[in-house]
A.B. asks: 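One structure follows; several queries about it will come next.
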Amino acid sequence: ASSGILTSPFSSGKAGEVGAVWGLAYDSVRKKIYSSAFLKRHASFGPNGPGAIYQMDTQSPTATPSLLIDLSANGVDVGLDPRVASSGSVDDPNELPIDGTKPSWDQAAFAEVAKVSIGDIDMSADGNTLWAINLKQRELVAVNLTNNTVVAKISIPNPGCSQGDYRPWALKLHLGKAWIGTVCSAEQSQAAADLKAYVQVFDGSSFSNAFDLPLDYAKGNVGNGPGAEKWHPWLNSYQTLATNPSFAIYPQPILSDIEFDMDGSMILGFMDRMGHQVAGGNYTPNYPDTSMVMGQTSGDILRVCNNNGVYALENNASCVSGSTKGKDNGQGPNGGEYYWGEMFDYNQWNTQGGYHQETSFGGLAFKAGSGEIALTAMNPSADSVSGGVIWLDNSTGGQSTQHTGGVQLYKQAADNPYFGKAAGMGDLEVFCADPLPDLKLMKTVDTTTKKRGDTVIYTLSLTNESTAAATNVNVKDSLPAQLQYVSQTGDGTYDSTTGVWTLGDVAGASTKQLLIKVTIK
């Protein structure tokens with residue numbers, strides 16, 4: 001289904017089989033989907049605990065999950081489950097009920113959310129390695145899928161956060177590198193000025209910072225309380241900004257997902273940590289208080305523009321390619337938001353949004369060439385207190401015209417254990433029956449200031465980011481009339497008359513490069 005209510009999933013894993021999971025990765029070689037455990041308050045881990053990564057066949061409608069690997073049993077310290085064993089009745093502040101429809105305090109889990117267990121996971125381009133973020137030790141973990149063993153544990157350094165308060169989560173394998181999303185949580189200082197997000201890059205030997213942005217901008221309001229239009233430092237004890245104390249609202253940033261558009265721009269998914277610290281209707285962690293509170297999440301989605309090879313954060317809904325209708329709506333960096341369609345009560349004329357101006361749950365999925373980004377979100381269709389998927393147009397920032405509305409996967413009711421508006425979903429993943437080539441083309445120039453008679457060198461780089469080979473590849477890049485062709489070096493052949501770069505076959509996980517030397521007439 002591309003819109004409406006999803007009623008018949010192709011296959012599913014039950015709570016007793018996998019527990020709470022967030023990270024997803026698709027193995028196009030083995031035709032499996034992998035899901036990783038994570039700590040979510042009021043929801044138990046699966047049978048293999050906080051270090052588990054589960055696997056499920058994607059070819060059968062009756063497939064059931066099984067354990068791929070337990071990282072804890074393979075020397076990876078992901079931390080411990082803060083819950084005590086259930087006695088059948090909830091008489092301990094750290095006990096979860098056997099009946100998921102019953103309330104609980106889950107007291108110790110509140111402060112540990114996003115600090116133990118596993119964050120995002122992703123596949124290497126060659127299909128041989130599954131990578132994961134260990135939240136406890138803040139490290140990058142590699143699992144060899146030929147024998148399901150841990151082959152690397154790499155410490156993720158502090159990218160520049162004060163007092164050592166840095167928390168990685170997002171992970172994207174791209175151009176042969178690991179791109180990691182990290183936030184400065186400001187837990188100790190509790191100063192909003194210390195909140196920041198970084199994209200770190202691991203090239204196989206060392207880490208560097210690819211991009212960073214302050215998280216002090218005004219975004220859209222989740223509703224029901226002043227101050228909810230801002231990110232706030234991470235909390236380890238319960239507070240709410242809502243004027244009505246029955247609503248749990250306190251936006252705390254996690255950079256949860258990273259995707260790359262066809263032009264090289266980054267799309268960043270942010271989820272609200274509070275969405276996993278509370279539920280759709282449950283107790284606060286303040287044992288023995290039995291007041292019920294309803295969580296309302298307030299994530300975000302941002303575009304980091306590739307401006308001629310330089311990363312630049314969207315500026316009042318603008319990149320060098322132009323602005324979207326979110327310009328001047330007051331809900332993003334410098335006064336506007338590029339992806340203005342992420343809201344409840346969406347319509348193509350209302351860039352201000354309805355009652356909930358930010359609805360992101362933080363999971364992203366991108367299909368090359370689609371022109372859109374899929375996003376997990378609350379209230380994806382007409383129903384309130386629900387969760388599912390919406391699609392945003394990468395050019396206009398509004399909801400995609402290819403999908404008329406979102407897909408609702410669940411709706412909160414008084415007698416079910418779902419999470420309503422409080423982040424009831426994890427990551428998204430695109431998978432197909434057969435792997436397809438995923439080609440990315442970049443063009444750079446050795447200088448931007450030249451005069452007549454000078455030499456200029458253009459570099460074309462074509463990367464196949466998939467495991468599937470691309471056959472009979474040709475790239476057309478015609479020279480302007482003001483340039484005189486001189487020579488070429490690199491892969492394939494270039495016809496300066498037709499502008500066609502002939503490459504032939506491009507293997508998976510490989511890059512082809514061409515340097516064209518010209519003079520200015």
Side-chain angles (χ1 to χ4, degrees), residues 1-13 20-26 33 35 38 40 56 58 120-122 170 172 220 222 254 256-259 261 267-272 275-276 280 296-303 338-348 353-354 356-394 396-412 418-432:
S2 62
S3 62
I5 300 173
L6 184 66
T7 57
S8 301
F10 183 70
S11 56
S12 61
V21 293
W22 198 94
L24 292 177
Y26 176 59
I33 190 81
S35 57
F38 92 114
K40 183 174 181 65
M56 188 163 64
T58 63
D120 202 4
I121 61 176
D122 202 10
K172 178 68 176 179
V222 69
I254 296 174
S256 50
D257 218 349
I258 302 170
E259 292 290 350
D261 203 350
I267 306 169
L268 305 182
F270 286 85
M271 68 180 173
D272 180 355
H276 299 301
Q296 292 189 174
T297 195
S298 181
D300 206 357
I301 176 172
L302 297 177
R303 189 172 183 88
Y338 190 93
Y339 290 106
W340 60 273
E342 177 232 346
M343 66 172 80
F344 184 47
D345 295 337
Y346 170 83
N347 69 67
Q348 61 182 312
H356 299 301
Q357 294 175 332
E358 305 289 357
T359 62
S360 169
F361 284 164
L364 303 177
F366 175 69
K367 180 182 177 182
S370 67
E372 58 186 12
I373 185 77
L375 172 69
T376 55
M378 71 169 172
N379 299 352
S381 56
D383 286 340
S384 183
V385 200
S386 61
V389 180
I390 60 175
W391 285 262
L392 303 177
D393 190 295
N394 285 327
T396 69
Q399 292 194 12
S400 173
T401 57
Q402 300 178 59
H403 296 86
T404 54
V407 172
Q408 179 179 302
L409 274 74
Y410 71 85
K411 177 176 171 59
Q412 182 77 32
Y418 299 133
F419 286 84
K421 302 177 184 179
M425 295 184 63
D427 198 8
L428 284 176
E429 194 70 19
V430 174
F431 63 91
C432 306

A.B. asks: If you take all heavy atoms of Gly280 and Ala422, which pair is closest and at what distance?
C.D. replies: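 Answer, listing the atom of Gly280 first, then Ala422: N-CB, 4.3 Å.
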A.B. asks: What pair of heavy atoms forms the shortest contact from Asp427 to Gly363, and how long is it?
C.D. replies: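 Of all heavy-atom pairs spanning Asp427 and Gly363, the closest is OD1-CA, 3.8 Å.
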A.B. asks: Checking Trp22 against Met425 for the side chain to side chain contact (heavy atoms under 4.5 Å, CB included) test, could you report, in this order, the C-alpha distance in whole Å, the side-chain angles of both residues, the deciding distance, and whether it holds?
C.D. replies: CA-CA 7 Å; Trp22 198 94; Met425 295 184 63; over 6 Å; no
A.B. asks: Identify the residue among Phe38, Phe419, Phe361 that makes a ring pair (Phe, Tyr, Trp, His ring centres under 6.0 Å) with His276.
C.D. replies: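 Output: one option passes, namely Phe38.
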A.B. asks: For Ala365 versus Ile373, what's the shortest heavy-atom pair and its separation?
C.D. replies: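 Nearest pair, atom of Ala365 first, then Ile373: O-CD1, 3.4 Å.
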A.B. asks: Apply side-chain hydrogen bond (donor to acceptor under 3.5 Å, both in side chains) to Ser298 and list each qualifying residue two or more places apart in sequence or on a separate chain.
C.D. replies: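 In terms of side-chain hydrogen bond (donor to acceptor under 3.5 Å, both in side chains), with neighbours along the sequence ignored, Ser298 is linked to Lys219.
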A.B. asks: Can you confirm whether Thr297 sits close enough to Met271 that some side-chain heavy atom of one is under 4.5 Å from a side-chain heavy atom of the other?
C.D. replies: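 Side-chain contact under 4.5 Å: no.
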A.B. asks: For the residue pair Glu429 and Leu24, what are the closest heavy atoms and their distance?
C.D. replies: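 Minimum heavy-atom contact is OE1-O, 3.3 Å.
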A.B. asks: Quickly, which of Asn394, Asp393, Thr396 forms a side-chain hydrogen bond (donor to acceptor under 3.5 Å, both in side chains) with Tyr339? Name it, please.
C.D. replies: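 Single pass found, and it is Asn394.
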A.B. asks: Between Ser256 and Gly269 (side chain of the first, backbone of the second, donor and acceptor by atom type, cut-off under 3.5 Å), is there such a pair?
C.D. replies: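 Yes: the side chain of Ser256 pairs with the backbone of Gly269.
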A.B. asks: Walk me through whether Val222 and Glu358 qualify under side chain to side chain contact (heavy atoms under 4.5 Å, CB included).
C.D. replies: CA-CA 6 Å; Val222 69; Glu358 305 289 357; 5.9 Å; no
A.B. asks: Between the side chain of Glu259 and the main-chain N/O of Ile267, is any donor-acceptor distance below 3.5 Å?
C.D. replies: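 A pair under 3.5 Å: no.
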A.B. asks: Side chain to side chain contact (heavy atoms under 4.5 Å, CB included) for Asp120 and Asp257? Distances and angles first, verdict last.
C.D. replies: CA-CA 7 Å; Asp120 202 4; Asp257 218 349; 3.5 Å; yes
A.B. asks: Does any non-hydrogen side-chain atom of Leu428 lie less than 4.5 Å from one of Val389?
C.D. replies: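 SC-SC contact between Val389 and Leu428 confirmed.
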A.B. asks: For the side chain to side chain contact (heavy atoms under 4.5 Å, CB included) test, which of Lys411, Gln408, His356 pairs with Asn379?
C.D. replies: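 Exactly one candidate clears the test, His356.
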A.B. asks: Output all residues satisfying side-chain hydrogen bond (donor to acceptor under 3.5 Å, both in side chains) with Asp300, sequence neighbours left out; order by chain, then residue number.
C.D. replies: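 Partners of Asp300 by the side-chain hydrogen bond (donor to acceptor under 3.5 Å, both in side chains) criterion, ordered by chain and then number, come out as Tyr217.
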A.B. asks: Could you measure the distance from the OG1 atom of Thr401 to the CD atom of Glu372? Nearest 0.5 Å is fine.
C.D. replies: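 Here the rounded value is 8.0 Å.
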A.B. asks: For Gly362 versus Ser360, what's the shortest heavy-atom pair and its separation?
C.D. replies: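 Nearest heavy atoms, Gly362 then Ser360: N-OG, 2.9 Å.
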A.B. asks: Side chains of Leu392 and Ile301, heavy atoms from C-beta outward: is any pair under 4.5 Å?
C.D. replies: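 When only atoms from C-beta onward are counted, Ile301 and Leu392 do touch, with a gap below 4.5 Å.
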A.B. asks: Would you confirm whether Lys40, through its side chain, and Ala423, through its main-chain N or O, come within 3.5 Å as a donor-acceptor pair?
C.D. replies: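 Confirmed, Lys40 side chain pairs with Ala423 backbone.
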A.B. asks: Would you say the side-chain atoms of Tyr338 pair up with the backbone N or O of Leu302, donor to acceptor, closer than 3.5 Å?
C.D. replies: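 No; judged by distance alone, with no hydrogens or angles, the pair does not exist.
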A.B. asks: When you measure from the side chain of Glu342 to the backbone of Thr359, do you find a donor-acceptor pair of N or O atoms at a distance under 3.5 Å?
C.D. replies: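 Such a contact is found between Glu342 side chain and Thr359 backbone.
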A.B. asks: Charged N to carboxylate O below 4.0 Å: is that the case for Asp261 and Arg303?
C.D. replies: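 Yes, this pair counts.
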A.B. asks: Counting only N and O atoms by type, is there a donor-acceptor contact under 3.5 Å from the side chain of Gln412 to the main-chain atoms of Ser386?
C.D. replies: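 Checked: no pair found.
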A.B. asks: Give the minimum heavy-atom separation between Ile258 and Ala170, together with the two atoms involved.
C.D. replies: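 Closest approach of Ile258 to Ala170, heavy atoms only: CG1-CB, 3.9 Å.
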A.B. asks: Are the side chains of Tyr26 and Thr58 in touch, meaning some heavy atoms are under 4.5 Å apart?
C.D. replies: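 Yes, at least one pair of side-chain atoms sits under 4.5 Å.
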